[in-house]
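Here the structure is laid out as structure tokens; the discussion comes afterwards.
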Amino acid sequence: MAELPDLTVFAKTLNKRFKGKNLERLEIKVAKKINVTGKELKTALEGEKLVQVTREGKTLQLHFSKDQVLGIHLMLRGELVLLDQENQEPKFEILGFHFKDGTGFAVVDLQKMATPTLNPEKTTVPDALEMDLPYFSSLLAKKRTLIKTLLMDQHMIRGIGNSYADEILWHAKISPFSVAKSIPEQAVKKLFKSLMLVLEKAIDEISKENGDELTGELRDFMKVHGAKIEKSPTGAIIKSDKIGGRTTYYTDEQEIYS
DNA sequence: GTAATTGTTCTAGC
DNA sequence: CGCTAGAACAATTA
């Protein structure tokens, strides 16, 4: 699925291609996940100008004129595709954005779980790339939960999902089974650095490979998270286990604090 | 036919 | 009561 780095690149690409354009028609194929009726959404957005696209945690936010904002959460299988002459109605379409100049893009999801939200409420939970070390370290200090569970908790930090949590923990050489408050200060600092580094590097790589396209996930550079990966770059056997029902990949190189 | 997939939300339990 | 862990759910593919 798309996680923070993918979404950051999607936002960038959408800005490059569609910023400033006027939305002529909004095609609504699946309305059941929207927080308003399809009719209300069309009324709110059709005829408005796309002012800017941003990323908020795991959602994309399309800012239109008249202060209308559409948040889009792609959930686990949602994707964005470009529309052109040959491809006006992609498979599994949820929403189709058709601009006045004939260009457009669509949100597709084979599981129909992508969730569009008109004018989503603002939250005070910091985004993974925007939080600072004091926040991160005081958060860890008061939580008894497993570190991986905490990294993925959207009420604490927004943007990190199952796969990048594994990558970040491996990079920091900390076991996902560590208890958050038991991790010593030095290791917390290291984890914070790894978090920023892994995410920023992923944005870079995806951005480079994706160009101006809107292809799905690109994760060839994943080092430990993936059923087909057998060894870490440093040669350690990759083990897998379940944490909170999610498959977790890790190696013995990672220290466990408990 | 069945397991696997994954973020969110709800519920049960300590 | 507050916090944490786990189950349920959505829909499709391998």
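Order of the sequence lines fixes the chain letters, A, B, ..., with proteins taken first and strands second; residue numbering starts at 1 for each chain.
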Quiz item: Which atoms form the tightest heavy-atom contact between A/Asp109 and A/Ala114, and what is the distance?
Solution: OD2-N, 2.7 Å
Practice problem: Between protein and nucleotides 6-14 of chain C, map the contacts as a letter string: B base, S sugar-phosphate only, - none, heavy atoms under 4.0 Å, written 5' to 3'. | Solution: --B-BBSS-
Exercise. Quickly work out the A/Lys148 NZ to C/dA5 P distance and round it to whole Å.
Key: 14 Å
Quiz item: What is the ring orientation for A/Tyr250 with A/Phe177, classed by angle as parallel under 30°, tilted 30 to 60°, or perpendicular over 60°?
Solution: perpendicular
Practice problem: Provide, to the nearest angstrom, the distance between the CD1 atom belonging to A/Ile243 and the C1' atom belonging to B/dG7. | Solution: 16 Å
Exercise. Mind calculating the distance between CG (A/Leu4) and P (B/dG7) to the nearest angstrom?
Key: 12 Å
Quiz item: Between C/dA5 atom C1' and A/Asp241 atom CG, what is the distance in whole Å?
Solution: 16 Å
Quiz item: Of the options A/His98, A/Lys21, A/Arg17, which is the one that meets A/Thr103 in a side chain to side chain donor-acceptor pair (under 3.5 Å)?
Solution: A/Lys21
Quiz item: Does a side-chain N or O from A/Thr145 land closer than 4.0 Å to OP1 or OP2 of C/dA5, or not?
Solution: yes
Exercise. Would you mind listing every ring pair (Phe, Tyr, Trp, His ring centres under 6.0 Å) that reaches into residues 111-155 of chain A, with sequence neighbours excluded?
Key: A/Phe136-A/Phe192
Quiz prompt | Distance test, side-chain N/O of A/His73 to OP1/OP2 of B/dG7, below 4.0 Å | solution = no
Quiz prompt | Single hit among A/Leu191, A/Ile243, A/Val179, A/Ile168 for side chain to side chain contact (heavy atoms under 4.5 Å, CB included) with A/Ile147 | solution = A/Leu191
Quiz prompt | Of A/Lys242 and A/Gln154, the one whose closest DNA chain B nucleotide lies more 5' | solution = A/Lys242
Quiz item: Which whole-number value in Å describes the distance from A/Arg144 CZ to C/dG2 P?
Solution: 14 Å
Quiz item: Nearest-Å distance, CG (A/Asn35) to C1' (B/dT8)?
Solution: 16 Å
Quiz item: Within the structure shown, what part of the strands sits under 4.0 Å from A/Thr115 by heavy-atom distance: base, sugar-phosphate, or nothing?
Solution: nothing
Practice problem: State whether A/Lys143 places a side-chain N or O below 4.0 Å from either non-bridging phosphate oxygen (OP1 or OP2) of C/dT4. | Solution: yes
Exercise. Work out which heavy atom in A/Ser137 is nearest to a heavy atom in A/Val188; give both atom names and the distance.
Key: CB-CG1, 3.7 Å
Practice problem: Rounded to the nearest angstrom, tell me the gap between atom CE in A/Met156 and atom C1' in C/dT4. | Solution: 10 Å
Practice problem: Return the value, rounded to whole Å, for the distance between atom CG of A/Asn162 and atom P of B/dA4. | Solution: 15 Å
Practice problem: Report the distance from atom CZ of A/Arg144 to atom NZ of A/Lys181, rounding to the nearest 0.5 Å. | Solution: 4.5 Å
